[in-house]
There are 2 protein chains.
Amino acid sequence: MKYGPDISRIASLIGDPARANMLTALMSGKALTATELAAEAGVTPQTASSHLARLEQGGLLSFRKQGRHKYAALASEQVAQVLEMLMGIAARAGHTRTRTGPRNQALREARICYNHLAGDCGTRMFDRLIERDLLIQDGDDLRLTDIGKTFMRGFGIDLPKLVKGKTPMCRTCLDWSERRSHLAGSLGRALLSRIEDLGWARRDRDTRIVTFTPQGRQAFDALFG
Amino acid sequence: MKYGPDISRIASLIGDPARANMLTALMSGKALTATELAAEAGVTPQTASSHLARLEQGGLLSFRKQGRHKYAALASEQVAQVLEMLMGIAARAGHTRTRTGPRNQALREARICYNHLAGDCGTRMFDRLIERDLLIQDGDDLRLTDIGKTFMRGFGIDLPKLVKGKTPMCRTCLDWSERRSHLAGSLGRALLSRIEDLGWARRDRDTRIVTFTPQGRQAFDALFG
DNA sequence: TTCATAGTTCGAGGGTAATCGAAGCATCGC
DNA sequence: GCGATGCTTCGATTACCCTCGAACTATGAA
């Protein structure tokens, strides 16, 4: 009767609150162990184990064993994008888990999306890169221009290293709070990483919030504001 | 404990097979009545009614009453995009409802996505428009260039009419089979509509497949191939 | 080896929600 | 007005799956 891929199977995977909590926790980009995810989801390790198995089978998560630990991560950036878009729709429908408050404000300001910078800061940075012709959008692909490459090198990004990876260097990712694009891909990750190394900002330990220091904020604005 | 929008609520809406079937049926862009959707989902009208109510409450569908009929449509293009992306992930994980066959082949070739052209034809058309500088991608926004406007007028598109609508004229939409962008928005819809008016192609009554006539295909390729 | 920690498997229990039959409104055609 | 059709509400049934306790395997530390 119906043709095409089966949406409901994978949507129902995201549809369980415990699994959804695990997935959002992994949006930080950090790989987490099974027990950490169990705590994150508020369930016992046994329950978490079965959830994780199903998420892997559904192609949403991938695992890496290390000693007696099992680290989980989102299977692909596509998965992260879907989660981000779902957040956008959920936010529009008013389905927030908690009342809007200062924490949510901070999330809107700057947060981690998978492994790169999102929120107001993320989209502003992206817009600025495009505006200055450092980055060019061509169809669905993004690519750095020559001056863009120079800029990135000057900022301390090791470009050749990025090219080697199998993930595309530049990708767009839709932002749920801003409803516009920000930069994903290995360059997106490298930029955030560099911003942390410079001490401009640091990730919150438990949430996706990114906090800028006053000086860091100033430097960031000077470059991307 | 957790902050940000609640994904699971809306994902679980999509996660039910009956509702997922309804949503995919609406990806054709046509508004369907409650009973039609019931048939599409393979459930009785009573069951469908409760599903539709929940989908509306969740912000996924919007309704228009007309006499004793109640027409349903996807609430926004964002919803259509999420569904398309979910199909992409589901396809990658191998969760197809039926074996790959001729019908699936046709779907990959040319199909309706919400209300515009998707599949190989859709992405090819989009690429071509960008290539020829008829369309320019700027950040997350698309816009027609002057020669693009001339081109569209020449093709028989009533541009001023499109501008009046509240939906953005140009938008990108990610294609699950091609994993690249194609053109959405009111211009996307207008183009498909024009292609049908010219007799180049017609929509299949019951599926999302778009079938080109031999001459139509030739004309299309000449313009966008 | 022995103990502790990480993760899994198994089985039982329990709650949510999908489903349909029957009945109730609303609207259209006559 | 009357019947027919489209859609909804209500209640009862049923099935699925989320959950955890208990027992098991595997890795690491002492």
Side-chain angles (χ1 to χ4, degrees), chain A residues 1-2 6-26 30-58 60-73 90 93 95 97, chain B residues 1-2 6-26 30-73 93 95 97:
Chain A
M1 185 106 121
K2 292 266 135 262
D6 184 7
I7 290 185
S8 70
R9 262 230 202 74
I10 110 114
S12 66
L13 283 177
I14 311 176
D16 176 76
R19 286 192 292 262
N21 282 337
M22 293 176 170
L23 290 170
T24 37
L26 290 169
K30 281 197 303 187
L32 297 175
T33 66
T35 26
E36 285 172 329
L37 286 170
E40 201 71 44
V43 294
T44 58
Q46 307 96 292
T47 309
S49 177
S50 87
H51 282 315
L52 292 174
R54 297 184 58 181
L55 286 170
E56 179 180 29
Q57 215 230 327
L60 296 180
L61 293 186
S62 64
F63 293 97
R64 233 181 55 213
K65 274 202 159 173
Q66 224 167 78
R68 53 180 168 180
H69 292 282
K70 187 180 176 184
Y71 286 94
H95 294 321
R97 251 177 307 203
Chain B
M1 185 107 122
K2 292 264 133 266
D6 183 8
I7 291 185
S8 69
R9 262 231 201 72
I10 109 114
S12 67
L13 283 177
I14 312 175
D16 176 77
R19 286 192 292 262
N21 282 338
M22 293 176 170
L23 290 169
T24 37
L26 290 170
K30 280 197 304 188
L32 298 175
T33 66
T35 24
E36 284 171 330
L37 286 170
E40 201 70 43
V43 295
T44 58
Q46 306 97 290
T47 308
S49 177
S50 86
H51 282 315
L52 292 174
R54 297 186 58 182
L55 285 170
E56 180 180 28
Q57 215 228 328
L60 296 180
L61 292 187
S62 64
F63 292 96
R64 234 181 53 211
K65 274 201 160 173
Q66 225 167 77
R68 52 180 168 181
H69 293 281
K70 187 179 176 184
Y71 286 93
H95 294 320
R97 251 175 308 203

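From a predicted model like this one, the values you see are computed outputs, not experimental measurements. In the text below, chain A, chain B and the rest are named by the order of the sequence lines, each starting its count at 1.
- Side-chain proximity of B:R54 to D:dC18, C:dA18, D:dT8: nearest is C:dA18.
- Spacing between atom CG of B:L55 and atom P of C:dA17 amounts to 14 Å, rounded to whole angstrom units.
- We find the CD-CG distance between A:E40 and A:L32 to be 7.0 Å, quoted to the nearest 0.5 Å.
- When atom types are taken as modelled, the side chain of B:S49 and the backbone of B:P45 share no donor-acceptor pair closer than 3.5 angstrom.
- Distance from the side chain of B:V43 is smallest for C:dC20 among the nucleotides D:dT19, C:dC20, D:dT8.
- If you check every strand for non-hydrogen atoms under 4.0 Å, B:T47 touches a base.
- Here D:dC7 presents its P atom at 10 Å from CZ of B:F63, a figure rounded to the nearest Å.
- Dashed line: the shortest gap from a side-chain N or O of A:K70 to OP1 or OP2 of C:dT8 is under 4.0 Å.
- Neither OP1 nor OP2 of C:dT19 sits under 4.0 Å from any side-chain N or O of B:T44.
- Between the CE atom of B:M22 and the C1' atom of C:dA18 there is a distance of 12 Å, rounded to whole Å.
- Within the 4.0 Å cut-off from OP1 or OP2 of D:dG6, not a single side-chain nitrogen or oxygen of B:T33 is found.
- The side chain of B:R68 has C:dC28 as its nearest neighbour among D:dC18, D:dG28, C:dC28.
- With rounding to whole Å, A:Q46 atom CD is found 12 Å from C:dG11 atom C1'.
- Nearest heavy atom pair, residue A:G58 against residue A:L13, reads CA-CD1, 3.8 Å.
- OP1 or OP2 of C:dG7 has at least one side-chain nitrogen or oxygen of A:T35 nearer than 4.0 Å.
- Within 4.0 Å of A:A18, counting heavy atoms only, lie sugar-phosphate atoms of the nucleic acid but no base atom.
- Taken to the nearest 0.5 Å, the CD1 atom of A:I14 stands 9.5 Å off from the CD1 atom of B:I10.
- Remark: P of C:dT5 and CD of A:E36 are 16 Å apart, rounded to the nearest angstrom.
- Comparing A:K65 and A:S50, the nucleotide of DNA chain D nearest to each residue sits closer to the 5' end for A:S50.
- Between the CG atom of B:L26 and the CD atom of B:E36 there is a distance of 10.0 Å, given to the nearest 0.5 Å.
- Residue A:L52 contributes atom CG, which lies 13 Å from atom P of D:dC18 at whole-angstrom precision.
- For the pair B:R64 CZ and D:dG6 C1', the computed distance is 17 Å after rounding to whole Å.
- Atom-to-atom, CG of B:L13 to P of C:dT16 comes out at 17 Å; the value is rounded to the nearest Å.
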Filtered N/O pairs between nucleotides 12-15 of chain D and protein, under 3.5 Å:
none

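- The backbone N or O of A:S12 sits less than 3.5 Å from a side-chain atom of A:R19, completing a donor-acceptor pair.
- The side chain of A:H51 lies closest to D:dC18 when the candidates are D:dC18, C:dG21, D:dG21.
- Residues A:L52 and A:M22 approach most closely at CD2-SD, 3.9 Å, considering heavy atoms.
- Scanning all heavy atoms of the two residues, the minimum distance from A:A38 to A:A48 falls at CB-CB, 3.5 Å.
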